[in-house]
Number of protein chains: 2
Amino acid sequence: MESRIERIKKQLHGASYKLTPQREATVLVLLENEEDHLSAEDVFLLVKEKAPEIGLATVYRTLELLTELKIVDKINFGDGVSRYDLRQEGASRFHHHLICIECGKVAEIQEDLLGDVEKIVESRYGFTVKDHWLTFHGICQSCKSSGNDSKK
Amino acid sequence: MESRIERIKKQLHGASYKLTPQREATVLVLLENEEDHLSAEDVFLLVKEKAPEIGLATVYRTLELLTELKIVDKINFGDGVSRYDLRQEGASRFHHHLICIECGKVAEIQEDLLGDVEKIVESRYGFTVKDHWLTFHGICQSCKSSGNDSKK
DNA sequence: GTACTTGCAAAGTATTTGCAACGTC
DNA sequence: GACGTTGCAAATACTTTGCAAGTAC
């Protein structure tokens, strides 16, 4: 079976881009840290371990390229930094996020909970939905059960 | 009946802050442009018309203060700028946004469509929701009906 | 007078751009 | 050899901070 990186390579080729070693290293870092929400700087530091000669600008350019191709989504959780999150293969909508205001942890919800809401938006507001971004702020399970009241 | 600005003044006082002329001018600009999604720079330019001597740093400080008090929400639509949006009085959740990918217009949905979704998140993921941010990307009614295919 | 607030300038971050050099077909 | 790509340095954009001066009670 074809690997994820192979399919990404084809997507790049389809758009007349090459999967250079720098780009490959960047994509690998994203795949290996799929659960995280890395900033460009984070990605840069991790890529450097594989390819020490890479420049920060290249990482930015690669991330921009991947965003354009909808391979990753650029998100912003309100701190001053953009973060990059791999989109599930073939997903037409971006997944949801849960941010804990106690511990700061960011969890993902891959199932799409907005089907009905999108129908309402379409019928009531005449707006054809193509994609969505949904983030919840609240208290995660482990902070609740540990009765954690230490403010981070 | 008490005006909105009066109530905001009380909120500030309740948190031991003053409604200085600069802060008042800033709040007025936000009230007068409630439909828009102004950046700090936008607010600064508009406030300057009322209070020419104000500094950009003061606008930033005021917006930060208002964000802290939950009078405004700081949002980011993916261009590099933070934007500031008045929260409805007494609303426990932030309102939703519809961004048209044709014309770029940003519309607001004040009714809360996420009640059921939040229940699912609470029961299925054990996450207690305190607030949410929901943005849709798609095609607005007027772009659809005008058959607008001019890419901006 | 004390404590909060302001304007300005400087500093700080994050991100983008210019450009010569490199690599690949 | 043309063209996409890269690394570095410089430039840009947005936001925050330091500080002396101003203001309100």
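Naming convention: chains lettered A, B, ... in sequence-line order (proteins, then strands); numbering from 1 in each chain.
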Could you tell me how the ring of A/Phe136 sits relative to the ring of B/His132: parallel (under 30°), tilted (30 to 60°) or perpendicular (over 60°)?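 Because their plane-to-plane angle is over 60°, the rings of A/Phe136 and B/His132 count as perpendicular.
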How are the rings of B/Phe77 and B/His97 set to each other: parallel, tilted or perpendicular (split at 30° and 60°)? perpendicular
Scan A/Glu53 against the nucleic acid and name what it touches under 4.0 Å (heavy atoms): base, sugar-phosphate only, or nothing. sugar-phosphate
[X] [atom1] to [N] [atom2]: how many Å, rounded?
X: A/Tyr60; N: D/dA11; atom1: OH; atom2: P; result: 19 Å
X: A/Glu64; N: C/dA14; atom1: CD; atom2: C1'; result: 14 Å
X: A/Glu41; N: C/dT15; atom1: CD; atom2: C1'; result: 11 Å
X: B/Tyr17; N: C/dA3; atom1: OH; atom2: P; result: 16 Å
X: B/Lys18; N: C/dA3; atom1: NZ; atom2: C1'; result: 7 Å
X: B/Arg23; N: C/dG7; atom1: CZ; atom2: C1'; result: 14 Å
X: A/Leu56; N: D/dC8; atom1: CG; atom2: C1'; result: 11 Å
X: B/Asp42; N: D/dA13; atom1: CG; atom2: P; result: 15 Å

Closer to the 5' end of DNA chain D via nearest nucleotide, is it B/Lys74 or A/Ile54? A/Ile54
Salt-bridge test for [X] and [Y]: reply yes if a basic N is under 4.0 Å from a carboxylate O, no otherwise.
X: B/Glu53; Y: B/Lys48; value: no
X: A/Lys74; Y: A/Glu64; value: no
X: B/Glu32; Y: B/Lys50; value: yes

Are any of [X]'s side-chain N or O atoms less than 4.0 Å away from OP1 or OP2 of [N]?
X: B/Thr58; N: C/dT6; value: no
X: B/Ser82; N: D/dT15; value: yes
X: B/Gln22; N: D/dT23; value: no
X: A/Arg61; N: D/dG4; value: no
X: B/Thr20; N: C/dT6; value: yes

